Amino acid sequence: MPDRPHAVRRFLWRAARNVLFLVVIAVGGLLFYGSTAGIPECLLQRVLARLNQGSFAIDISGARLAGLAQLEVSDLSLFRKRVLGAPLLESPTATIALSPLAWLRGRSALAEICAEEVVLRPDQAKCDHPTSKEGLSRELSFGVRVGRCLVWDTVLEGATFLVSGRDRTVVISELETAVHQGGLSGRLSGRFSCDAGARLVSGRLITNLDPYILIPICRAHDLRFCIKLINRFTFEGEPPRGEWAFDYGLSDGGDFRVTGDFRGRDCSYRGVDALRVDGSVTVDRRKEALNVEVNNLFIVRREGMASVAFSVDPGRDRVEFNAESTIDPLAAMRMVGVLTNL
């Protein structure tokens, strides 16, 4: 009789050990199957159906386990619902790191997304149809690393940023990336947010790049005068530095406003050399009416300097101009465009 409690404990210990062993074998088998054969299609479709209940839809051709808390997905595409055409984002492969503990705390299980090749089409995010008033079901907080991203014919290389979101607002912060276009390179950093309720993207950016890199973006938004203005500049030394704030509407009208300050050295405008060019720019488009203002434009040459301000309304062929100058008059007239169209 005294040995009976010990026998019961030994039996329970053996049973628990055997059950644990079977659980480990089952989990190991599932992990092996998921990493070799991939996640079953029926399970994958159920997960996608749950994820695609909002204003966006995700599509992938397959997924497999790449670790205990990692997924490797193939042919990833992100679509904006009610918008026809190509996907907003696509990548041939992506690795997704998961955090089960974050999911248990009521947050999204996403921890990090890594992709080597990405194509981003921001115009496919525009939608004039009313969107669902429901926000994010769980709070977002994860990191993103992209090897190469093509957007508006411009290449972003080595991009890293953090994504956070709650309700109907998503914020991208700590953005750092190199920018390449047409043999030119530069850097860009900053943060921006997307408010689905207001259908507005706003942000602040710091750039160190030649403005020629921005020509494809200007072309995508039919900013012909901005392209003409950029083409008048040539930067021989390091690229100019700019600090910018912007608001961009997600409706089909594409209204936006960009304001910022820039500083350049060793450059030329209309072929006239300058040691230094500093100023502020505002580009405002509302219902296809464009207005460009350049204020506090300070130009330094060897023989003197000039302070310039002007505004241009291309739709009305209207120019307002004010300047004070001690530089060579011929150079000043050439920069102003007295003998050519401003």
Side-chain angles (χ1 to χ4, degrees), residues 152 154-159 173-192 202-218 221 223 225-248 256-285 290-312 319-328 331-332 334-337 342:
W152 283 316
T154 302
V155 176
L156 307 182
E157 190 173 70
S173 58
E174 299 184 27
L175 171 64
E176 294 283 347
T177 183
V179 187
H180 305 283
Q181 201 281 323
L184 300 172
S185 300
R187 292 205 62 83
L188 180 150
S189 62
R191 73 188 302 275
F192 59 91
S202 57
R204 302 185 69 86
L205 298 173
I206 297 175
T207 60
N208 287 89
L209 50 82
D210 193 306
Y212 277 81
I213 293 176
L214 304 177
I215 286 181
I217 299 176
C218 295
H221 294 86
L223 301 177
F225 178 79
C226 293
I227 295 174
K228 186 186 295 185
L229 188 63
I230 289 172
N231 282 325
R232 293 172 182 171
F233 281 95
T234 302
F235 293 90
E236 300 296 339
E238 63 182 40
R241 174 184 172 87
E243 298 182 13
W244 313 93
F246 68 89
D247 295 311
Y248 182 79
F256 65 88
R257 179 181 175 86
V258 178
T259 60
D261 301 321
F262 63 90
R263 298 184 295 275
R265 302 292 183 271
D266 297 327
C267 61
S268 64
Y269 181 78
R270 288 183 180 270
V272 179
D273 294 336
L275 299 176
R276 171 184 166 188
V277 176
D278 299 346
S280 61
V281 178
T282 299
V283 180
D284 195 345
R285 186 172 74 179
L290 177 67
N291 186 68
V292 180
E293 294 184 6
V294 178
N295 295 303
N296 304 319
L297 182 59
F298 190 63
I299 303 171
V300 178
R301 282 175 50 89
R302 297 187 185 278
E303 77 278 6
M305 50 189 154
S307 178
V308 181
F310 66 88
S311 64
V312 180
V319 178
E320 294 182 3
F321 183 85
N322 183 40
E324 294 181 6
S325 173
T326 59
I327 66 176
D328 178 25
R334 191 172 171 189
M335 295 179 77
V336 171
L342 181 63

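Predicted model, so just to flag it, every value in this text is computed and none were measured.
In plain terms, the two heavy atoms of A309 and N295 that are nearest each other are CB-OD1, 4.0 Å. Closest of all the heavy-atom pairs between C226 and V292 is SG-CG2, 4.2 Å. The two atoms that bring N291 and V312 nearest to each other are OD1-O, 3.3 Å, heavy atoms only. Across all their heavy atoms, R270 and R334 have their closest contact at CD-O, 2.9 Å.
Among residues two or more places apart in sequence or in another chain, the side-chain contact (heavy atoms from CB on, under 4.5 Å) test is passed with R191 by V171, S173. With sequence neighbours left out, the side chain to side chain donor-acceptor pair (under 3.5 Å) criterion links E303 to R301. For D328, the side chain to side chain donor-acceptor pair (under 3.5 Å) criterion is met by no residue, not counting sequence neighbours. Shown here are the side-chain contact (heavy atoms from CB on, under 4.5 Å) partners of A323, two or more places apart in sequence or in another chain: V308, F321. Legend: residues meeting ring pair (Phe, Tyr, Trp, His ring centres under 6.0 Å) with F235, ordered by chain and number and at least two apart, are F233. By the ring pair (Phe, Tyr, Trp, His ring centres under 6.0 Å) test, W152 is found to be paired with H221, residues two or more places apart in sequence or in another chain being considered.
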Given side chain to side chain contact (heavy atoms under 4.5 Å, CB included), test L229 with Y269 step by step and report yes or no.
-> CA-CA 9 Å; L229 188 63; Y269 181 78; 3.8 Å; yes

Kindly indicate, with the supporting measurements, whether the criterion side chain to side chain contact (heavy atoms under 4.5 Å, CB included) is fulfilled by F256 and L223.
-> CA-CA 12 Å; F256 65 88; L223 301 177; 3.7 Å; yes

Which is it for R187 and E176 under the side chain to side chain contact (heavy atoms under 4.5 Å, CB included) test, yes or no, and what are the steps along the way?
-> CA-CA 8 Å; R187 292 205 62 83; E176 294 283 347; 4.0 Å; yes

Would you check, one step at a time, whether the test salt bridge (charged side-chain N to carboxylate O under 4.0 Å, His left out) holds for R257 with D284?
-> CA-CA 4 Å; R257 179 181 175 86; D284 195 345; 2.9 Å; yes

Steps toward side chain to side chain contact (heavy atoms under 4.5 Å, CB included) verdict (W244, V281) = CA-CA 9 Å; W244 313 93; V281 178; 4.3 Å; yes

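Formation of a donor-acceptor pair under 3.5 Å by the S325 side chain with backbone atoms of I327 is found in this model. For the pair T259 (side chain) and T282 (backbone), a donor-acceptor distance under 3.5 Å is absent. Side-chain atoms of S280 do not come within 3.5 Å of backbone N or O of G260 as any donor-acceptor pair. For Y212 (side chain) and N231 (main-chain N/O), a donor-acceptor pair under 3.5 Å exists by modelled atom type.
Note on R265 versus D278: salt bridge recorded, some NZ/NE/NH1/NH2 to OD/OE distance being below 4.0 Å.
Note that CD1 of I213 and OG1 of T154 are 7.5 Å apart. Values are rounded to the nearest 0.5 Å. Atoms OH and OG, from Y248 and S202 in turn, are 13.5 Å apart once rounded to the nearest 0.5 Å. Atom OG of S307 sits about 9.0 Å away from atom CD1 of I299, to the nearest 0.5 Å. The line from CD1 of I217 to CD1 of I227 is 11.0 Å long, rounded to the nearest 0.5 Å.
With contacts defined as side-chain heavy-atom distances shorter than 4.5 Å, the pair F262/T207 does not qualify. R232 places none of its side-chain heavy atoms less than 4.5 Å from the side chain of M335. A heavy-atom distance below 4.5 Å is not found between the side chains of L184 and L209.
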